[in-house]
Amino acid sequence: MHHVLVTGGAGFIGSNFVRYFLQAHPDYHVVVYDKLTYAGRLENLQDVAEAFAGRYAFVRGDICDIPLVEQTIAHYSVDTIVNFAAETHVDRSLMAPGSFIQTDVYGTFVLLEAARKAGLERYHQISTDEVYGQVLDGRSVETDHLEPRSPYAASKAAGDLMVLAYRESWGMPVTITRGSNNIGPYQYPEKVVPLFATNAIDDQPLPVYGDGHQMRDYQHVLDHCTGIDTVLHKGELGEIYNVGTGSELTNIEMTQIVLRTLGKPESLIKHVEDRPGHDRRYALDVSKLHALGWDNVYNCAQAVEETTRWYADNAWWWRPIKSGELYKDYYAQQYARRLEQA
Ligand code: NAD
Ligand code: DAU
């Protein structure tokens, strides 16, 4: 039996990964370690806790809390860490970057140090295509220089560099995956696809930043999960692997798919003031992961359609979030002035 500590496992990708991983690997025990910030929700794992009761445990904790991290590793005989824990929303990193530095940089260091001291078999870091910066032409390969442009992307890049430093300095058994934009079930409705799907369901405006011709590789979260699994089992230690579909949609194309899927009019689209420093395009070369035998199941358009349908069918999950004061405050701060001026 392997014992895997999944940090940030109550968030969007982490919870999808835990569900997938426990189903795929009957010989694994998973401990989710999560601070439960606004983005971490136990509802995301409710079915997992019931279906895999004997192979699943949950610990509420901060990855910056050294004693609790060390105690959890010892108590559950952890041999592997897969680190999803992070502050993840670019717009929030422009409002308040401090928590991004704390969790995405210092928190990564705490986990690496704990993994080194305990002599774990593997430390896997979940990273992002944003560390490469915007790519106007061509595709990013894993050896490219890092040119992050937002506080979020810079803190993720710093996390990656710390992981690689632990490899160089102590030969730690690390791997890194850099994923493109994930979409799918249980994504907090601050990210664009769940935000637009849920606004459209309620006939509310869809605030498209700038001209909407920015390009993103919208991949289904389940493809990202199988990509991470492939790297955990077949990846080479010390290596980085990009994970994405290898194709892109413009934000306007993505928005049109959301609206078409719901049968809603394009008049809901509102072009609003752009995000400062908005990266125009991300694009990954995913041939290194393909060489391990992995392939994606969904293309970008299918991922957007499937995700939109999930939000249409699962209002029980997102309505309590969107009607809460925390969400309403954030929405007003980010969008009220933009929508008024549109
Ligand atoms: P999310 O915001 O939905 O979830 C993040 C989780 O981390 C939450 O459960 C939160 O409670 C937890 N967390 C935050 N700070 C913590 C701390 N200090 N200690 C313990 N737990 C903490 O994020 P997500 O979209 O699921 O992203 C997961 C990971 O994947 C992140 O590392 C992110 O950078 C990376 N990533 C995300 C995407 C994407 O499109 N969403 C793409 C590529 C990579
Ligand atoms: O590329 C991977 C990254 O994808 C992850 O590392 C991040 O954690 C994740 O948040 C995501 O970052 P983006 O900034 O690309 O995602 P977001 O959903 O915020 O925005 C996607 C695109 O949509 C981007 O071009 C900005 C635009 N957008 C976003 C919002 C929230 C809008 O036009 N309007 C909006 O209201």
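Numbering of ligands and ligand atoms starts at 1, following listing order. Nothing here was measured: the structure is a model prediction, and the numbers come from that model.
Here the protein heavy atom with the shortest distance to atom 9 (O) of ligand 1 is D34 OD2, 2.6 Å. Protein heavy atom nearest atom 36 (N) of ligand 1, with residue, atom name and distance: I13 CD1, 3.9 Å. In this structure, the protein non-hydrogen atom closest to atom 19 (N) of ligand 1 is I63 N, 2.9 Å. At the shortest separation from atom 4 (O) of ligand 1 among protein heavy atoms lies G11 CA, 3.4 Å. Of the protein's heavy atoms, F84 O, 3.3 Å lies nearest to atom 28 (C) of ligand 1. Nearest to atom 18 (N) of ligand 1 among the protein's heavy atoms is D62 OD1, 2.9 Å.
Polar contact with ligand 1: present for K35 (N/O pair, distance under 3.5 Å). Here's the thing with N182: one of its N/O atoms is less than 3.5 angstrom from an N/O atom of ligand 1. For a threshold of 3.5 Å applied to N or O pairs, the pair formed by T103 and ligand 1 contains at least one separation below that value. The shortest N/O to N/O separation between K191 and ligand 1 does not fall below 3.5 Å. Between T37 and ligand 1, at least one N/O pair is under 3.5 Å apart.
Among A86, C64, S180, the residue whose heavy atom sits closest to atom 5 (C) of ligand 1 is A86. When Y106, F12, Y152 are ranked by how near their heavy atoms come to atom 33 (C) of ligand 1, first place goes to Y152. Looking at I126, V69, L111, it is I126 that brings a heavy atom closest to atom 30 (O) of ligand 1. In this comparison of G159, A85, G179, S127, the heavy atom closest to atom 44 (C) of ligand 1 sits on S127. Remark: among candidates V82, L68, T88, the nearest residue to atom 1 (P) of ligand 1 is T88, based on non-hydrogen atoms.
The existence of a salt bridge linking K191 and D91 is excluded, since no basic side-chain nitrogen approaches an acidic carboxylate oxygen closer than 4.0 Å. The pair R19-D47 meets the salt-bridge criterion, since a charged nitrogen lies less than 4.0 angstrom from a carboxylate oxygen. Of the charged side-chain nitrogens involved, at least one lies within less than 4.0 Å of a carboxylate oxygen, so that R337 and E273 count as a salt-bridged pair. A salt bridge does not link K156 with D104: none of the charged nitrogens is closer than 4.0 Å to a carboxylate oxygen. Salt bridge present: R280 and D211 bring a charged side-chain N and a carboxylate O closer than 4.0 Å.
Of the inter-residue distances, the one linking Q204 atom CD with Y331 atom OH reads 7.0 Å to the nearest 0.5 angstrom. Here the straight-line distance linking atom CD1 of I63 with atom OG1 of T103 works out to 5.5 Å at 0.5 Å rounding.
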Let me check something: any side-chain donor-acceptor pairs from residues 66-76 under 3.5 Å, sequence neighbours excluded? List them with distances.
from, atom 1, to, atom 2, distance (Å)
E70, OE2, K117, NZ, 2.9
T72, OG1, L68, O, 2.6

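Not a single heavy atom of S15 sits less than 4.0 Å from an atom of ligand 1. By the 4.0 Å heavy-atom criterion, A10 is counted among the residues contacting ligand 1. In this structure, Y188 does not count as a contact residue of ligand 1, since none of its heavy atoms falls inside 4.0 Å of the ligand.
Counted by atom type alone, T7 and N83 present one or more donor-acceptor pairs between their side chains at under 3.5 Å.
Side-chain N or O atoms of E239 include none that pairs as donor or acceptor with a backbone N or O of E236 at under 3.5 Å.
Heavy-atom neighbours of Q341 CD from other residues, nucleotides or ligands within 6.0 Å: above the threshold of 12.
With contacts defined as side-chain heavy-atom distances shorter than 4.5 Å, the pair E142/Y132 qualifies. Side chains of Y33 and V6 form no contact here, defined as non-hydrogen atoms less than 4.5 Å apart.
Listed by atom number, the atoms of ligand 1 under 4.0 Å from G61 heavy atoms are 19 (N), 20 (C). Atoms of ligand 1 lying under 4.0 Å from at least one heavy atom of G8, given by number and element, are 6 (C), 7 (O), 9 (O), 12 (C). Close approach of ligand 1 to L36 (heavy-atom distance below 4.0 Å) involves ligand atoms 11 (O). Within ligand 1, counting atoms from 1 as listed, the ones closer than 4.0 Å to a heavy atom of N181 are 40 (O). If you number the atoms of ligand 1 from 1 as listed, the ones under 4.0 Å from a heavy atom of K156 come out as 31 (C), 32 (O), 33 (C), 34 (O).
Remark: R92 qualifies as a cation-pi partner of Y38 under the 6.0 Å distance and 45° angle criteria applied to the six-membered ring. Cation-pi contact between K322 and Y327: absent, since separation from the ring centre below 6.0 Å together with deviation from the ring axis within 45° is not met. Judged by the 6.0 Å distance and 45° axis criteria, R41 is not positioned over the aromatic ring of Y188.
Following chains of ILVMFWY side-chain contacts shorter than 4.5 Å, one cannot reach W310 starting from F12, and the two form parts of different hydrophobic clusters.
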Inventory of protein N or O atoms under 3.5 Å from ligand 2 N or O:
from, atom 1, to, atom 2, distance (Å)
ligand 2, 1 (O), D129, OD1, 2.5
ligand 2, 1 (O), N181, OD1, 2.7
ligand 2, 4 (O), N181, OD1, 3.4
ligand 2, 4 (O), N181, ND2, 3.2
ligand 2, 6 (O), T128, OG1, 2.7
ligand 2, 6 (O), Y152, OH, 2.6
ligand 2, 8 (O), T88, O, 2.8
ligand 2, 8 (O), Y152, OH, 3.0
ligand 2, 10 (O), T88, O, 3.2
ligand 2, 12 (O), E130, OE2, 2.8
ligand 2, 14 (O), R275, NH1, 2.6
ligand 2, 15 (O), N181, ND2, 2.8
ligand 2, 15 (O), R216, NE, 2.9
ligand 2, 16 (O), N181, ND2, 3.4
ligand 2, 18 (O), V192, N, 2.8
ligand 2, 19 (O), R275, NH2, 2.9
ligand 2, 23 (O), N251, ND2, 3.4
ligand 2, 25 (O), R216, NH2, 3.3
ligand 2, 25 (O), N251, ND2, 2.8
ligand 2, 25 (O), H278, NE2, 2.7
ligand 2, 33 (O), Y209, N, 2.8
ligand 2, 34 (N), P207, O, 2.8
ligand 2, 36 (O), P207, O, 3.4
ligand 2, 36 (O), Y335, OH, 2.7

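A salt bridge (Lys or Arg N to Asp or Glu O under 4.0 Å) with R178 holds for exactly one of D129, D144, D160; it is D160.
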